[in-house]
Number of protein chains: 2
Amino acid sequence: MNDMHEHEHDDIVSRLRDAGLRPTRQRLALADLLFSHGDRHVTAESLYDEALGQGVRVSLATIYNTLNQFTSSGLLREVVVDSGKSYFDTNTEAHQHVFNEDTGAIDDVQLSLDAEELASRIAVPEGHEITGVDVVVRLRRSQ
Amino acid sequence: MNDMHEHEHDDIVSRLRDAGLRPTRQRLALADLLFSHGDRHVTAESLYDEALGQGVRVSLATIYNTLNQFTSSGLLREVVVDSGKSYFDTNTEAHQHVFNEDTGAIDDVQLSLDAEELASRIAVPEGHEITGVDVVVRLRRSQ
DNA sequence: GTAACTGCAAAACTTTTGCAACCAG
DNA sequence: CTGGTTGCAAAAGTTTTGCAGTTAC
């Protein structure tokens, strides 16, 4: 296989099983890329290129499936910063984002604002619930 | 033409000229739809359908051109809430949004949070500037 | 008259889907 | 085995583009 350590491999297997997903070759390889290198922000295309670059044989359709499945099961969080492309964040904790509109790069920030408190100021319609409070600071090169 | 009052028509003409845009038939009609009915949130498709419904003859390509030109010149503000579709807001003042993920409806809210203050907590890279601080509260039907 | 603008169709992108082949348990 | 998964190609949805024809000034 590759140089994944045995216990890391087992961790990833458990993580997938806990999420109700079979630990297939593709999902293991993608989970390893996503979760074994700190907090990351990827797009389908960037993860696809990275996988191919690492010699992981996987189709783009599977990348999309996997990113969506990981997001549904709480392993990833989708970050909406661009109206033409989906970004996914391996950090699922409450935090905010800085988006560089020139490069498409996303950074995490902790603005220590209370999403609960913000949410409490919203008049939530009957039978609805707040699924998230997203904060994005947009950056661009000056001039 | 239609039942636009003369002075309203003139207002719109000035507004377009001030933005450096020729007041063409299409732009006048779209500006009227957008700015004569309070604060609105539209997509290219929704504005296109509305225009056709009102008997305004305009192509979808022109809707896209117009929305982008209006946004560039500050007449509209783009609201990024969906990674597959662009929304435009006629309210260009500082405010936040509530997005209903089931219906795609957007509402304005004033959370009276200080974007300047939030922005001041960000480490802005050399030669870059903050172009906006976006806050979106996401809603979904419970269950 | 001329540069700006518009419409149409085609192209470019991102994402989803249908289905046969494949694989984990 | 058998249902979940994958890959491929095709389709779907949104947005942009190229360019001939039109319009504002």
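Predicted, not measured: the structure shown is a model, and the values here were computed from it. Here is how names work: the chains are called A, B, and so on, in the same order as the sequence lines, proteins then strands, and each is numbered from 1.
- The nearest whole Å value for the distance from the CG atom in A/Leu60 to the P atom in D/dT6 is 14 Å.
- For the pair B/Leu21 CG and D/dC25 P, the interatomic distance rounds to 12 Å; values are reported in whole Å.
- A search for ring pair (Phe, Tyr, Trp, His ring centres under 6.0 Å) contacts involving B/His128 returns nothing, not counting sequence neighbours.
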Show, in sequence, the C-alpha distance, side-chain angles and deciding distance for B/Ile12 and B/Phe35, and conclude whether the side-chain contact (heavy atoms from CB on, under 4.5 Å) test is met. CA-CA 9 Å; B/Ile12 296 181; B/Phe35 305 122; 5.8 Å; no

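- Residue A/Tyr64 has no polar side-chain atom (N or O) positioned under 4.0 Å from OP1 or OP2 of C/dT16.
- A salt bridge between A/Glu50 and A/Arg40 is present, with a side-chain N of the basic residue lying under 4.0 Å from a carboxylate O of the acidic one.
- Of the candidate nucleotides C/dC8, D/dT15, C/dC5, C/dC5 has the atom nearest to the side chain of B/Arg22.
- The side chain of A/Asn65 lies closest to C/dT17, out of C/dT17, D/dT15, D/dT17.
- Each of A/Asp89, A/Asp107, A/Leu111, A/Val137 was scored for a side-chain contact (heavy atoms from CB on, under 4.5 Å) with A/His97, with one residue passing: A/Asp89.
- Checked against C/dG25, C/dC8, D/dG7, the side chain of A/Pro23 finds its nearest nucleotide in C/dG25.
- For the residue pair B/Ser142 and A/Glu129, the shortest heavy atom distance occurs at OG-N, 3.8 Å.
- Inspection of the B/Thr131 and A/Glu101 side chains reveals an N or O donor paired with an N or O acceptor under 3.5 Å.
- The side chain of A/Thr24 approaches D/dT6 more closely than any other nucleotide in the set D/dT6, D/dA9, C/dG25.
- Within the 4.0 Å cut-off from OP1 or OP2 of C/dC5, at least one side-chain nitrogen or oxygen of B/Arg27 is found.
- Taking every heavy atom of residues 71-87 of chain B and every atom of DNA chain D, pairs under 4.0 Å involve B/Gly84, B/Lys85, B/Ser86, by number.
- Separating the CD atom of B/Glu45 from the P atom of D/dA12 is a distance of 15 Å, rounded to the nearest angstrom.
- Applying the 4.0 Å criterion to OP1 and OP2 of D/dT6, one finds that A/Thr62 has every side-chain N and O outside that range.
- Between B/Gln26 and the phosphate of D/dT23, there is no side-chain N or O to OP1/OP2 separation shorter than 4.0 Å.
- Using a 4.0 Å cut-off, some side-chain N or O of A/Arg17 falls inside it from OP1 or OP2 of C/dG25.
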